[in-house]
Amino acid sequence: KGDAAPRSVRICPIASLPEDGQVRDLYGKIYVHLYEEYPAIRKMVKSALKMDLRTHPAKGGNDYSAIRNRFKDKDGEFWIAKDVDKSRIIGCVGVRQRKKRENDDKTSMTSSTVVVEYEVQRLVVDDQYR
């Protein structure tokens with residue numbers, strides 16, 4: 001959207017509890033304009049904030065990202081896009097393993113292969129940076 005484009009954007013894995021808070025704020029506000037017309041979206045956001053985007057740290061009380069740990073527990077990862085000039089998170093996305101299964105392909109020379117499927121989750125970009 002015009003002049004809002006940052007000069008420097010950094011994409012990296014989410015790393016800290018303060019970044020978790022910025023992700024929650026961004027995710028919580030991005031769909032607000034749709035809540036009245038689409039109540040299911042409000043429910044989806046509420047559920048995401050309560051489950052995989054919650055900020056309760058892992059046992060041990062470290063400062064690492066609780067969100068990232070949750071995605072890594074499912075063989076995934078969670079990345080952020082950060083406007084470096086403003087030290088502000090402007091987008092995020094999580095990728096999580098959906099399922100792993102054996103594929104018995106009778107035409108293959110090997111007896112079976114493992115097929116892994118991944119799913120993109122919690123993809124948002126701040127309106128000012130689209």
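Keep in mind that this is a model prediction, so the values were computed, not measured.
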Quiz item: Under the 3.5 angstrom rule, does the side chain of Q22 hit a backbone N or O of I89 as a donor-acceptor pair?
Solution: yes

Quiz item: Side-chain contact, heavy-atom cut-off 4.5 Å: V23 with I14?
Solution: yes

Self-check item: D83/Y129 under side chain to side chain donor-acceptor pair (under 3.5 Å): CA gap, chis, key distance, verdict
Solution: CA-CA 9 Å; D83 178 336; Y129 292 85; 2.9 Å; yes

Practice problem: Report yes or no: is the cationic atom of R98 (NZ for Lys, CZ for Arg) under 6.0 Å from the centre of the six-membered ring of Y118, at an angle within 45° of the ring normal? | Solution: no

Quiz prompt | Test item: I80 and E19 side chains (from C-beta on) under 4.5 Å apart, heavy atoms | solution = yes

Practice problem: Kindly indicate whether the side chain of E77, heavy atoms from C-beta on, has any atom under 4.5 Å from the side chain of K72. | Solution: yes

Practice problem: Would you sort out whether Y64 and L17 count as a side chain to side chain contact (heavy atoms under 4.5 Å, CB included), showing the intermediate values? | Solution: CA-CA 6 Å; Y64 300 119; L17 290 175; over 6 Å; no

Quiz prompt | Test log, rule side chain to side chain contact (heavy atoms under 4.5 Å, CB included), inputs Y27 and V45 | solution = CA-CA 7 Å; Y27 197 82; V45 170; 4.2 Å; yes

Quiz prompt | In one Ile/Leu/Val/Met/Phe/Trp/Tyr side-chain cluster, 4.5 Å: I30, I67 | solution = yes

Quiz item: Do V93 and F78 have side chains that get closer than 4.5 Å, going by heavy atoms?
Solution: no

Quiz prompt | Cluster check I11, L26: I/L/V/M/F/W/Y, side chain < 4.5 angstrom | solution = no

Quiz item: Can you tell if the side chain of K74 reaches within under 4.5 Å of the side chain of Q97, non-hydrogen atoms only?
Solution: no

Quiz item: So, the side chain of R130 versus the backbone of V125: is there a donor-acceptor pair under 3.5 Å, distance only?
Solution: yes

Quiz prompt | Over all atoms of both residues, closest heavy-atom pair of R54 and R70 | solution = O-NH1, 2.9 Å

Quiz item: According to a 4.5 Å side-chain heavy-atom criterion applied to Ile, Leu, Val, Met, Phe, Trp and Tyr, with indirect links allowed, do Y35 and M44 form part of one hydrophobic cluster?
Solution: yes

Practice problem: Flag yes if V116 and V95 sit in one hydrophobic cluster, no otherwise; membership is Ile, Leu, Val, Met, Phe, Trp, Tyr, and two members link when side-chain heavy atoms are under 4.5 Å apart. | Solution: yes

Quiz prompt | Closest approach of Y31 to L123 (non-hydrogen atoms, all atoms of both residues) | solution = OH-O, 3.9 Å

Quiz item: For residues 26-53, which residue pairs qualify under salt bridge (Lys or Arg N to Asp or Glu O under 4.0 Å), counting only residues two or more places apart or in two chains?
Solution: K29-D126, D52-R122

Quiz item: Got a donor-acceptor contact below 3.5 angstrom from the D20 side chain to the A66 backbone?
Solution: yes

Exercise. Keeping the roles fixed (side chain from R24, backbone from L53), state whether a donor-acceptor pair exists under 3.5 Å.
Key: yes

Quiz item: For the side chain of R68 and the backbone of S65, is there at least one donor-acceptor N/O pair under 3.5 Å apart?
Solution: no

Quiz item: Within a strict 4.5 Å, meaning less than it, do heavy atoms of the I90 and K82 side chains meet?
Solution: no

Practice problem: Determine whether more than 12 heavy atoms belonging to other residues, nucleotides or ligands lie under 6.0 Å from atom OH of Y38. | Solution: no

